[in-house]
Amino acid sequence: MQMYMWSYHADRMPQIRVAIPGIESMFMLCVTLQRPLSAGRIRLASADPAVQPVIDINLLAEEWDMERMVDGVRRAWELFTSPTIGPLAEAVLRPNEASVADEDGVRAYLRQNVSHLVHPVGTCKMGPADDPLAVVDQFGAVHGLSGLRVADASIMPNIPRANTNLTAIMIGERVAEWMREG
Ligand SMILES: Cc1cc2nc3c(=O)[nH]c(=O)nc-3n(C[C@H](O)[C@H](O)[C@H](O)COP(=O)(O)OP(=O)(O)OC[C@H]3O[C@@H](n4cnc5c(N)ncnc54)[C@H](O)[C@@H]3O)c2cc1C
C-alpha cells in the first residue's frame with residue numbers, strides 16, 4: 001500500500017472553486033493498493049483500430065482488496081485527525097467520522113469514490129504458446145507472428161509494487177537489447 005499526500009490551491013487549480021465553493025486550498029491523502037487482486041478487462045468494440053475499446057476496470061471486486069482499502073481509509077483518517085496534522089486543516093471534507101467508524105460506511109464510501117492510479121498493465125499477457133490467453137513470450141515476441149514484439153506495460157504479468165513508469169522503460173530497454181542481439 002502507498003499513501004500519497006497531495007496539496008492543491010485554487011490559483012493553480014481553479015476547478016476546486018467550482019467543485020467545492022468557498023474552498024481555496026486543500027490537501028488530500030490518497031490510499032492506494034499497489035498489488036490489487038481484482039483484475040479488469042479490455043475488449044475490442046470493433047475491428048476498426050480507431051474505435052476505442054471497452055474497458056472494465058473492475059475495482060474492488062475481490063474482498064481482500066476491499067478489506068485492505070477499508071484499513072487504509074481508517075489509517076488515513078487517523079493521520080488526518082491526529083494532533084500533528086489535524087490542526088493544519090479547518091475541516092476534513094470527506095469521509096466523515098460516522099462513516100469511518102462504521103465498516104459498512106467505509107465500504108459504501110469506497111464504492112462511491114474509488115478510482116485507479118493510472119497504472120493499468122497486463123492487457124497483452126506474457127505466457128507460453130499453449131496458453132490460449134498469452135499474446136507474447138518471455139522476450140516480448142508475439143506468438144504466431146515473426147518479427148513483431150510488444151515492449152511496454154501491457155506485457156507485465158501483474159502490477160509491480162513500484163509505480164509502472166520505470167518498469168515500462170526497463171521493459172523497452174531490455175526488449176530492445178534482445179532485438180539487437182538478433
Ligand atoms: C496521469 C498519469 C500519471 C502517471 N503517473 C505516474 C507516476 O508518477 N509514476 C509512474 O511510475 N507511473 C505513472 N503513470 C503510469 C505510467 O505513465 C505508465 O505505466 C507508462 O507510461 C506505461 O508505458 P507504456 O509504454 O506501456 O504506455 P504509454 O506510455 O501510454 O505509451 C503508449 C504510446 O503509444 C502511442 N500510441 C497509442 N496509440 C497509437 C497508435 N495507434 N499508433 C501509434 N502510436 C500510438 C501513444 O501516443 C503513446 O506514446 C502515470 C500515468 C498517467 C496516465
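Just so you know, these numbers use all the heavy atoms, side chains as well, and skip hydrogens, waters and symmetry mates. Quick caveat, the model's predicted, so the values are computed rather than measured. Whatever order the structure lists them in is the order used to number ligands and atoms, beginning at 1.
Between N113 and R94 the shortest side-chain heavy-atom distance falls below 4.5 Å.
Here V118 sits alone; no ILVMFWY side chain lies under 4.5 Å from its own, so it joins no hydrophobic cluster. Listed by chain and number, the hydrophobic cluster partners of V135 are V121, M126, V136, F139, V142, L145, L148, V150, I155, M156, I159, I171, V175, W178, M179, where partners are ILVMFWY side chains within reach of under 4.5 Å, directly or through others.
No donor-acceptor pair under 3.5 Å is formed between the side chain of D65 and the backbone N or O of R68. Side-chain atoms of N58 come within 3.5 Å of backbone N or O of A39 as a donor-acceptor pair.
For residues 41-78, no pair satisfies ring pair (Phe, Tyr, Trp, His ring centres under 6.0 Å), with sequence neighbours left out.
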As a test of reading the model: which N/O atoms of the protein lie under 3.5 Å from N/O atoms of ligand 1, and at what distance?
from     : atom 1 : to   : atom 2 : distance (Å)
ligand 1 : 11 (O) : T164 : N      : 3.3
ligand 1 : 11 (O) : N165 : N      : 2.8
ligand 1 : 12 (N) : N165 : N      : 3.4
ligand 1 : 19 (O) : T164 : OG1    : 2.6
ligand 1 : 26 (O) : A153 : N      : 2.8

